[in-house]
Visitor: 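Before I ask anything, let me first share the structure, which is written out below as structure tokens.
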Amino acid sequence: MQKQYDFKKQELKWRKFWEKESLYKFNPKKSGKIFSIDTDPPTLSGKMHIGHVSSYTHEDIIARYHRMKGENVYFPFGVDCNGLPTERLVESINKITLFEIGRKKFIQLCQGTIKKVLPDFIAGWKRVGMSCDFSNVYSTISQEVQKISQEYFLELFEQNRVYEKESPTLFCPFCQTAIAQAEMEDKEKQTIFNDIEFKLEDGNKIIIATTRPELLASCVAIFVHPKDARYKNLIGKTAIVPIFGQKVKIFSDENVDKEKGTGIVMCCTFGDTTDLDWYFKYNLPLRVSITKQGKLNDLAGEFKGLPIKVARKMIIERLKEKGLIKSQKNINHSVNIHERCGTEVEIIPTRQWFIKYLDLKEQFLKQSDKLNWYPKYMKIRLDNWIRGLRWDWCVSRQRYFGIPIPVWYCKKCSKIILPSIKDLPVDPLHSKPSKKCSCGSNEFIPETDVLDTWATSSLSPQIALSLVKDKKIRQKIFPTSLRPQAHDIINFWLFYTLSRSYLHFKKLPWKDVFISGHVLDSKGEKMSKSKGNAVDPEAILEKYGTDAVRYWASQAGMGDDFRFNEEEIQQGKRTATKIWNASQFALMHLKNYSYKKTDGKLLEDEDKWIFTKLNQTIKEYTDRMDKYEYPRAKEIIDSFFWKDFCDNYLEIIKSRAYEPENKNTLKAVQFTIYKVVLAILKLYAPFMPFVTEEVYQGYFQKTEKTKSIHLTLLPVIEKELNFPKIVPDFELVIDAISQIRKYKSENRLSMKAELESVSIKTKDKQRIKKYLPLISKLMSVKEIKLV
RNA sequence: GGGCGUAUGGCUCAGUUGGUUAGAGCGCUAUCCUCACACGAUAGAGGUCGAUGGUUCGAGUCCAUCUACGCCCACCA
């Protein structure tokens, strides 16, 4: 008999089988409650990482569980091919830059490259055993999705929720695009804190500390703290900015930190978000001295054209020449960088499109209240984020590869022209409005900006829905039952989807939200390519098999970051092997058995005991799974399978199975094995879909008829097979066996060594009596004395 | 600075509404090649539950304070 379960062969075999049979294809006609999942479309990147493996395993376990509960599971799959990450990928694969080949060619290249890499990319998700409907994968850049995204954009336009405005915007000079608040990250950087001397009109001098002297040309005001005794007399006076000479007023504001620098701060348009606040609060003049390219402009006079960092050096040099730098020190401070490229973010007034939602904070908070959060405490993160919002949602990006903003401007009267819905999707660059402008002009300027990726992925429930043709079913799918996602994008994807759903439907997009954590390295540190501690999922899957890796992943509870742990994967592999081995052994005794329900009446006490234990297991397992507590459910089935079934039940019934005293006792064993093994396989199936399928197909499929274990229903508690009274009696038996095992172990005897006589302690001499023959046979003891 | 979370044997984690000797797996030690499985079995050693104080007849489990770590947000002149 084969002693090793060959996972490699089996996993490939069953993956092919599932795909060929369209096992997970959504069937709108199937009866039963619909369980719909707003699957997170992974961002198209070269390869999946280990974090994907874990979070997608989590949602797949949930999906498989609900499918086996008899629900009609809608589990779509999509890939986010939109925007900057794809541009970057395409550039690196093709070893070109978009500037070299131009917009039109670049977009074509993107589309071509996506086609090429997508199948391999998706294959990763198939490999981890995802039970999505892969027959109908969406891409966020497809024509269909473009239509959806543009249509909802137009809807917001009609609601007066979309506007365009020249406004100070978070801008990435490297990516050449506006970005959203959520796209910023902090980074500690070393810089120089310069104490610079300013002259006052009255001839006095003040010292201002700044890390950004290159912005002197943009200085529009100076601030001190209203309660700073040192500078009370400065308030209201006028200072002269060195080098550039503009005169600026000195104000007082609570936001000034007295302890920082000299306690006097210059306000530039714009150095940071505080400057922005002051700009609006005190209605300060606008003096922009840096360009979108991150260079100084005309306002900077002789420094014009210099990149920010170079200009900083030059201006410091100039100040030094003039003796205006009083001191310098190195400090570490954190700056806002663009999370996609690491460039320091600037605030530059540009014309952008916004979705107006700042007025809806209260409503969003209410929506958050109504949502079922798993785990509960993640809600606070969203609420904090909503409360802290300061900007409307900037949805325009000055990028090439994305969904175009469906807008033209009349060349003559500048009016905004929208396409009609039936013409969507449109690319204003390559098409024209179907009608003349109301002013009579037939010439238009196309909008060249594209939509922010999140403006589209925030419609993921609608996108997923669009794959289903039947309208009635669509109504049942939305709001979806579940949104699974990781905690790092609560402020992005979760928030944006929730807000879009409110704007368009005044509804929650989902009933439940399930948040999963991150995978850390074995030391508990974040994995990253630069650190070199990232684990390659492919190598791990290759080494241990998918079931084993899923076993590891399923130890992470909701919301918890957890460590990569190769030992736990090994444990998963052992479990898969044990399932396979125990099944082979158990099923060996069913060779000439055909399952009959009436055999359930022939049960002996150990059979009744294992059935009762099974029922307890089913109950606890189901309770946990319903609350998305799959790690506990896994432990429950582990313990039942390994301890109760393998270590005890199978040992106890061996003699009955090998040398039965009569037909009935054998039938009872066979009946029990049949039902319990099948139940174990089913309970493990959401976690370890491959090995359970292998065993099911090798035996049970013939009798159960269902095409795959993954389409079967979970075992339920059968009243006629529940004998709670047996359990305490049998605990005595297990205890007695354990005592004899201990005696043999301590005396270095083999477990099969024969003993003349042994004494065991028991709580209840009367009740254990009837089991003494069983114990003595199992443990090869001639006489058992009760103490 | 605001918020959230976590701290239980060497490691990874359970411990539900406070109640008798704190659990599991891995690792470790010893024994057993027991006719499914040595990726196995049996047994054993090993924690007083981050710290301090409090509530209580009784606290890992509630309260307060503190410490360490992680994350989110703000600041970052």
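Letters A, B, ... are given to chains in the order of the sequence lines, protein chains preceding strands, and every chain is numbered from 1.
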Visitor: Parallel, tilted or perpendicular: which one describes the rings of A:Y282 and A:F223, with boundaries at 30° and 60°?
Guide: tilted
Visitor: Given B:C72, is OP1 or OP2 found less than 4.0 Å from the side-chain N or O atoms of A:H487?
Guide: no
Visitor: I want to verify a distance call: between B:U12, B:G27, B:C73, whose nearest atom is closest to the A:N565 side chain?
Guide: B:U12
Visitor: Choose from B:A77, B:G5, B:C37 the nucleotide whose nearest atom is closest to any side-chain atom of A:E651.
Guide: B:C37
Visitor: Can you tell which of B:C37, B:C76, B:G27 lies closest to the side chain of A:R574?
Guide: B:G27
Visitor: Have a look at A:K744 and say if it touches a base, only the backbone sugar-phosphate, or nothing, with a 4.0 Å heavy-atom cut-off.
Guide: nothing
Visitor: Quick one: is B:G40 close enough that its OP1 or OP2 comes under 4.0 Å of any side-chain N or O from A:K578?
Guide: no
Visitor: Pick the nucleotide of RNA chain B nearest each of A:Y377 and A:R563; which residue has the one closer to the 5' end?
Guide: A:Y377
Visitor: Have a look at A:C646 and say if it touches a base, only the backbone sugar-phosphate, or nothing, with a 4.0 Å heavy-atom cut-off.
Guide: base
Visitor: Need the pair for B:C57. Rule: Watson-Crick or G-U wobble, both distances under 3.5 Å, any strand; none if unpaired.
Guide: B:G19
Visitor: Reading RNA chain B from 5' onward, which residue's closest nucleotide shows up sooner: A:F645 or A:C267?
Guide: A:F645
Visitor: Can you tell me if the side-chain N/O atoms of A:W642 get under 4.0 Å from OP1 or OP2 in B:A41?
Guide: yes
Visitor: Taking the same atom, C1', in B:A30 and in B:A68, what whole-Å distance lies between them?
Guide: 38 Å
Visitor: Just how far, in rounded Å, is P of B:A41 from CG of A:L650?
Guide: 11 Å
Visitor: Measure from CG on A:D275 to C1' on B:A77 and round the result to the nearest Å.
Guide: 7 Å
Visitor: Using atom P in both nucleotides, what's the gap between B:G9 and B:C75 to the nearest angstrom?
Guide: 39 Å
Visitor: Would you say B:G23 has OP1 or OP2 under 4.0 Å from some side-chain N or O of A:R632?
Guide: no
Visitor: Going by purine N1 to pyrimidine N3 plus the second Watson-Crick contact, or the G-U wobble pair, all under 3.5 Å, which nucleotide sits opposite B:G47?
Guide: none
Visitor: Give a yes/no verdict on a cation-pi contact between A:R483 and A:W493, requiring under 6.0 Å between NZ or CZ and the six-membered ring centre and an angle within 45° of the axis.
Guide: yes
Visitor: Would you tell me if any nitrogen or oxygen in the side chain of A:K752 comes within less than 4.0 Å of OP1 or OP2 on B:A41?
Guide: no
Visitor: Starting from P on B:G23, measure out to CD1 on A:I636 and report it in whole angstrom.
Guide: 18 Å
Visitor: If you measure from the Lys or Arg side-chain nitrogens to the Asp or Glu carboxylate oxygens, is any gap between A:K777 and A:E659 under 4.0 Å?
Guide: no
Visitor: Is there a side-chain polar atom (N or O) of A:T273 under 4.0 Å from OP1 or OP2 of B:A74?
Guide: no
Visitor: State which of B:A74, B:U42, B:C76 makes the closest approach to the side chain of A:R390.
Guide: B:A74
Visitor: Is A:D623 salt-bridged to A:K627, cutoff N-O under 4.0 Å?
Guide: no
Visitor: Could you please name the option among B:G25, B:A43, B:C73 that lies closest to any side-chain atom of A:Q571?
Guide: B:G25
Visitor: Going by the ring-ring contact (aromatic ring centres under 6.0 Å, His included) test, name the single residue among A:F495, A:W385, A:Y496, A:W393 that passes it with A:F364.
Guide: A:F495
Visitor: Are there over 12 heavy-atom neighbours, none belonging to A:E259, within less than 6.0 Å of that residue's CD?
Guide: no
Visitor: Between B:G27 and B:U67, how many Å separate the two C1' atoms, rounded to a whole number?
Guide: 30 Å
Visitor: Which one is paired to B:C4, where only Watson-Crick or G-U wobble pairs with both distances under 3.5 angstrom count?
Guide: B:G70
Visitor: Consider the side chain of A:T211, meaning its heavy atoms from C-beta on, and name the nucleotide among B:C26, B:A14, B:A77 that approaches it most closely.
Guide: B:A77
Visitor: Now, which nucleotide makes the Watson-Crick or G-U wobble pair with B:C26, with each of the two distances under 3.5 Å?
Guide: B:G10
Visitor: Within the 4.0 Å heavy-atom criterion, would you say A:M751 contacts the bases, only the backbone, or no part of the nucleic acid?
Guide: base
Visitor: Under 4.0 Å from OP1 or OP2 of B:A43: is there any side-chain N or O of A:S738 that close?
Guide: yes
Visitor: What is the base-pairing partner of B:U31, counting Watson-Crick and G-U wobble geometry with both distances under 3.5 Å?
Guide: B:A41
Visitor: Among the nucleotides B:C75, B:A77, B:G3, which one has an atom lying closest to any side-chain atom of A:D257?
Guide: B:A77
Visitor: Please report the distance, rounded to the nearest Å, between CD in A:E566 and C1' in B:U12.
Guide: 14 Å
Visitor: A:D560 side chain to A:F562 main-chain N or O, any donor-acceptor pair under 3.5 Å?
Guide: no
Visitor: Provide, to the nearest angstrom, the distance between the CD atom belonging to A:Q570 and the P atom belonging to B:U12.
Guide: 16 Å
Visitor: OP1 or OP2 of B:C73 less than 4.0 angstrom from a side-chain nitrogen or oxygen of A:N491, does that happen here?
Guide: yes
Visitor: What distance, rounded to whole Å, do you find between the two C1' atoms, one in B:G15 and one in B:G25?
Guide: 15 Å
Visitor: Rounded to whole angstrom units, what separation is found between the CD1 atom of A:I380 and the C1' atom of B:C71?
Guide: 13 Å
Visitor: Whether A:K260 engages the ring of A:F193 as a cation-pi pair (distance to the six-membered ring centre under 6.0 angstrom, angle to the ring normal within 45°) should be assessed.
Guide: no
Visitor: Is A:A582 touching bases, backbone alone, or none of the nucleic acid, heavy atoms closer than 4.0 Å?
Guide: base
Visitor: Among B:A24, B:G70, B:C76, which nucleotide has an atom closest to any side-chain atom of A:K643?
Guide: B:A24
Visitor: Between B:G46 and B:G23, how far apart are the two P atoms, rounded to whole Å?
Guide: 14 Å
Visitor: With the side chain of A:R381 defined as its heavy atoms from C-beta on, choose the nearest nucleotide among B:G44, B:U31, B:C72.
Guide: B:C72
Visitor: Among the candidates B:U34, B:A41, B:C76, find the nucleotide nearest to the side-chain atoms of A:S750.
Guide: B:U34
Visitor: Quantified in whole Å, what is the C1' atom distance between nucleotide B:A45 and nucleotide B:C28?
Guide: 9 Å
Visitor: Honestly, is A:K634 close enough over A:Y551, meaning NZ or CZ under 6.0 Å from the six-membered ring centre and within 45° of the axis?
Guide: yes
Visitor: Just call it for A:W552: base, sugar-phosphate, or nothing, with non-hydrogen atoms closer than 4.0 Å on any strand.
Guide: nothing
Visitor: Applying a 4.0 Å non-hydrogen cut-off, can you work out what A:K260 is touching in the nucleic acid: base, sugar-phosphate, or nothing?
Guide: base
Visitor: Rounded off to whole Å, could you give me the CH2-to-P distance for the A:W580 and B:G40 pair?
Guide: 15 Å
Visitor: Between atom NZ in A:K379 and atom P in B:C4, what is the gap in whole Å?
Guide: 12 Å
